[in-house]
Amino acid sequence: MSAVNITNVTVLENPASFVAPFQFEISYECVTPLKDDLEWKLIYVGSAEDETYDQLLESVLVGPVNVGNYRFVLQADPPDPAKIREEDIIGVTVLLLTCSYLGQEFIRVGYYVNNEYDDEKLREEPPPKVTIDKIHRNILSDKPRVTKFPINFHPENSESGEQAPPPDNPAQADRNKEPPPASSDNPSNKGL
């Protein structure tokens, strides 16, 4: 059983301009006190073929965390378009919201993001060079893909000290512009 459970994630200001900040209202519960901070990250997948285009948009520490229910808004700057190949700016990509404890990722929520021109004429006849300020993004917030990883939240209580290693680099688990498969226990926003 996890010591921390996400109970809801709401994507705020969606759809929005490509250059607008991301905002997520995150609600979670802690069922056992934790001595150290939780680390929340927001990662923009810039290319399905090459992880070097991924951008860490925000990383925040929250804690120490006592038993109870919590809610906060995670705000992050948009991705830097100069760090994305021009052919990957328009179309579908992925946004990953992750949470880790003691360097171990225990939950990942993946969202498809559709970036397209806000004007129908531009969608039909795109300009030769991408015009960033004319692009809107739509986070498909009604269909998040949730993956949970078992971790040891209290390694100081472990007799053997052994625990399953975290994934080498969880942000690159699936490079095909598809968030990780949904957890079978609940793939919806509520009760993640």
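Atoms CD and CD, from Glu124 and Glu120 in turn, are 4.5 Å apart once rounded to the nearest 0.5 Å. Note that the CZ atom of Arg108 and the OG atom of Ser100 stand 9.5 Å from one another [nearest 0.5 Å]. Between the CG atom of Asn69 and the CG atom of Asn8 there is a distance of 12.0 Å, given to the nearest 0.5 Å. Here the straight-line distance linking atom CD of Gln55 with atom CG of Asp77 works out to 10.5 Å at 0.5 Å rounding.
Between Pro64 and Asp37, the closest heavy-atom pair is N-OD1, 3.3 Å. Between Ser141 and Asn14 the shortest heavy-atom distance is OG-ND2, 4.1 Å. Scanning both residues, Gly46 and Thr93, for their nearest heavy atoms gives N-OG1, 4.5 Å. Closest of all the heavy-atom pairs between Ile151 and Glu105 is CG2-O, 3.6 Å. Summarising the geometry of Phe18 relative to Ile84, their closest heavy-atom pair is CZ-CD1, 4.2 Å, with the distance given to 0.1 Å. Heavy atoms only, all atoms of each residue included: Arg137 and Pro21 are closest at NH2-O, 3.0 Å.
Between Thr98 and Ile107, every side-chain heavy-atom pair lies at or beyond the 4.5 Å cut-off. Within the 4.5 Å cutoff, side-chain heavy atoms of Val130 are placed close to those of Ile135. Phe22 places a side-chain heavy atom less than 4.5 Å from the side chain of Leu57. Counting heavy atoms from C-beta on, the side chains of Leu34 and Val4 come closer than 4.5 Å.
Ring to ring, Phe72 and Trp40 are close: their centroids are under 6.0 angstrom apart. Taking the six-membered ring for Trp, Phe149 and Phe106 have ring centres at least 6.0 Å apart.
One finds a salt bridge joining Arg85 and Glu49 here, because a Lys/Arg side-chain nitrogen approaches an Asp/Glu carboxylate oxygen to under 4.0 Å.
The local environment of CZ in Arg71 is sparse, with at most 12 non-hydrogen atoms from other residues, nucleotides or ligands closer than 6.0 Å. Within 6.0 Å of CD on Glu86 lie more than 12 heavy atoms contributed by other residues, nucleotides or ligands.
Applying the side-chain contact (heavy atoms from CB on, under 4.5 Å) criterion to Glu58, with sequence neighbours excluded, gives Val60, Leu74, Ala76. Residues meeting the side chain to side chain donor-acceptor pair (under 3.5 Å) test with Ser59, sequence neighbours left out: Glu39.
For residues 114-142, no residue pair satisfies the ring-ring contact (aromatic ring centres under 6.0 Å, His included) rule, not counting sequence neighbours.
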